[in-house]
Asks: 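Below are the structure tokens for one structure; questions will follow.
Note that this is a predicted model, so its numbers are computed, not measured.
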Amino acid sequence: MNIRKPVDYSTMFEALDSLVQSNLPQMELYREIGRTVSGRPEKGAAVAAAEYLQNAYPDIAGFSPRNLRRMRTFCRTYENAPEIMAEAMTIGWTQNVVILEAELTLQEKAWYIHAVRQFG
């Protein structure tokens, strides 16, 4: 049986509130949410963040558990490649998700990001 251990996410929730209220562009918001969730060691941090954001901001779409895990993956994938992250920030979220979820090397991801920027 899978039982959740009680975890204090209040600091993460405060950071998420600050991010959402800062009116960042979508890609910057998603990157920062991903960075915030990525900084948590708990396996359920993305789900907890998604539940919190959905309840706190019901009028804003895009905060499903799946999408929060994608934000975390986005941050982790490019955290050691700032030049690729900078390019990825210039294309849309849906295009980034397609590239992230394809089984590609980091260099192949960079090639596709560049291709999207060049050819749309």
Side-chain angles (χ1 to χ4, degrees):
M1 180 156 57
N2 192 3
I3 299 173
R4 277 191 189 174
K5 296 177 185 173
V7 177
D8 181 14
Y9 287 117
S10 59
T11 329
M12 180 178 72
F13 295 157
E14 288 172 13
L16 293 171
D17 282 333
S18 176
L19 289 170
V20 172
Q21 294 167 6
S22 66
N23 294 318
L24 294 170
Q26 182 187 41
M27 283 304 301
E28 289 181 38
L29 176 64
Y30 284 9
R31 177 192 60 203
E32 294 307 317
I33 289 173
R35 185 173 287 146
T36 300
V37 172
S38 184
R40 297 296 302 215
E42 302 87 9
K43 186 176 182 180
V47 173
E51 289 172 359
Y52 175 78
L53 290 169
Q54 287 174 334
N55 290 328
Y57 305 98
D59 297 338
I60 302 176
F63 295 143
S64 68
R66 184 177 187 182
N67 213 27
L68 267 282
R69 285 191 293 272
R70 287 173 172 157
M71 293 175 205
R72 180 183 61 201
T73 299
F74 178 83
C75 184
R76 288 179 177 172
T77 299
Y78 303 124
E79 67 187 346
N80 294 321
E83 65 286 344
I84 300 173
M85 168 93 66
E87 266 199 276
M89 294 294 293
T90 65
I91 66 174
W93 180 245
T94 302
Q95 294 163 321
N96 269 299
V97 167
V98 170
I99 293 168
L100 275 174
E101 292 184 348
E103 293 187 24
L104 303 170
T105 66
L106 186 59
Q107 294 309 329
E108 290 168 332
K109 287 178 191 332
W111 186 90
Y112 278 102
I113 291 167
H114 183 70
V116 169
R117 290 188 66 210
Q118 187 172 1
F119 302 112

Asks: Is any side-chain heavy atom of Ile33 less than 4.5 Å from a side-chain heavy atom of Phe63?
Replies: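 Ile33 reaches Phe63 side chain to side chain.
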
Asks: Which residues satisfy the side chain to side chain contact (heavy atoms under 4.5 Å, CB included) test with Ala86, sequence neighbours excluded?
Replies: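 Partners of Ala86 under the side chain to side chain contact (heavy atoms under 4.5 Å, CB included) test: none.
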
Asks: Output a table of donor-acceptor pairs, distance under 3.5 Å, between side-chain atoms of residues 68-76 and any protein atom two or more places apart or on a different chain; print 'none' if there are none.
Replies:
{"unit_1": "Arg70", "atom_1": "NE", "unit_2": "Glu101", "atom_2": "OE2", "d": "2.7"}
{"unit_1": "Arg70", "atom_1": "NH2", "unit_2": "Glu101", "atom_2": "OE2", "d": "3.3"}
{"unit_1": "Thr73", "atom_1": "OG1", "unit_2": "Arg69", "atom_2": "O", "d": "2.9"}
{"unit_1": "Arg76", "atom_1": "NE", "unit_2": "Ser38", "atom_2": "OG", "d": "3.0"}

Asks: Please evaluate residues Thr77 and Lys109 with respect to the criterion side chain to side chain contact (heavy atoms under 4.5 Å, CB included), reporting the C-alpha separation (whole Å), side-chain torsions for both, the decisive distance (0.1 Å), and the verdict.
Replies: CA-CA 10 Å; Thr77 299; Lys109 287 178 191 332; 4.0 Å; yes

Asks: Please report the closest heavy-atom contact between Ala49 and Leu16, naming both atoms and the distance.
Replies: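 Heavy-atom minimum between the residues: CB-CD1, 3.7 Å.
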
Asks: Is there a continuous path of hydrophobic side-chain contacts, each under 4.5 Å between heavy atoms, that joins Leu53 to Val47?
Replies: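 Hydrophobic grouping puts Leu53 apart from Val47.
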
Asks: How would you list all residue pairs meeting salt bridge (charged side-chain N to carboxylate O under 4.0 Å, His left out) that involve residues 11-21, not counting sequence neighbours?
Replies: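 Listed by first then second residue: nothing to list.
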
Asks: What pairs of residues pass the salt bridge (charged side-chain N to carboxylate O under 4.0 Å, His left out) test when at least one of them lies in residues 29-45, not counting sequence neighbours?
Replies: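 Counting only pairs at least two positions apart or across chains, the salt bridge (charged side-chain N to carboxylate O under 4.0 Å, His left out) contacts touching residues 29-45 are Glu32-Arg35, Arg40-Glu42.
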
Asks: With a cut-off of 3.5 Å and sequence neighbours excluded, list every side-chain donor-acceptor pair involving residues 19-29.
Replies:
{"unit_1": "Gln21", "atom_1": "NE2", "unit_2": "Tyr57", "atom_2": "OH", "d": "3.2"}
{"unit_1": "Ser22", "atom_1": "OG", "unit_2": "Leu19", "atom_2": "O", "d": "2.6"}
{"unit_1": "Gln26", "atom_1": "NE2", "unit_2": "Tyr30", "atom_2": "OH", "d": "3.3"}

Asks: Please identify each residue that fulfils side chain to side chain contact (heavy atoms under 4.5 Å, CB included) with Ser64, with sequence neighbours left out.
Replies: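 Here the qualifying residues are Gln54, Arg66, Asn67.
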
Asks: Hey, is OH on Tyr112 packed in by over 12 heavy atoms from elsewhere, all under 6.0 Å?
Replies: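 No, not enclosed.
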
Asks: According to the side-chain hydrogen bond (donor to acceptor under 3.5 Å, both in side chains) rule, which pairs have a member within residues 79-91, sequence neighbours left out?
Replies: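 Checked against side-chain hydrogen bond (donor to acceptor under 3.5 Å, both in side chains) - neighbours excluded - the pairs reaching residues 79-91 are Glu87-His114, Glu87-Arg117, Thr90-Arg117.
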
Asks: Please answer: with hydrophobic residues joined when any side-chain heavy atoms are less than 4.5 Å apart, are Val98 and Trp111 in the same cluster?
Replies: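 Shared cluster, no.
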
Asks: The criterion is ring-ring contact (aromatic ring centres under 6.0 Å, His included); which residues satisfy it with Tyr52, sequence neighbours excluded?
Replies: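 Residues passing ring-ring contact (aromatic ring centres under 6.0 Å, His included) with Tyr52: Phe13.
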
Asks: Measuring from atom CD1 of Ile113 to atom CE of Met85, what distance do you get when rounded to the nearest 0.5 angstrom?
Replies: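 Between Ile113 CD1 and Met85 CE, I get 9.5 Å after rounding to 0.5 Å.
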
Asks: What are the two closest non-hydrogen atoms of Ala48 and Tyr9, and how far apart are they?
Replies: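 Where Ala48 meets Tyr9 most closely, the heavy atoms are CB-CE1, 3.5 Å.
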
Asks: Residues in side chain to side chain contact (heavy atoms under 4.5 Å, CB included) with Ser10, at least two apart?
Replies: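 Ser10 satisfies side chain to side chain contact (heavy atoms under 4.5 Å, CB included) with Asp8 only.
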
Asks: Search all heavy atoms of Ala88 against all heavy atoms of Asn96 and return the closest pair with its distance.
Replies: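 Heavy-atom minimum between the residues: O-ND2, 2.9 Å.
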
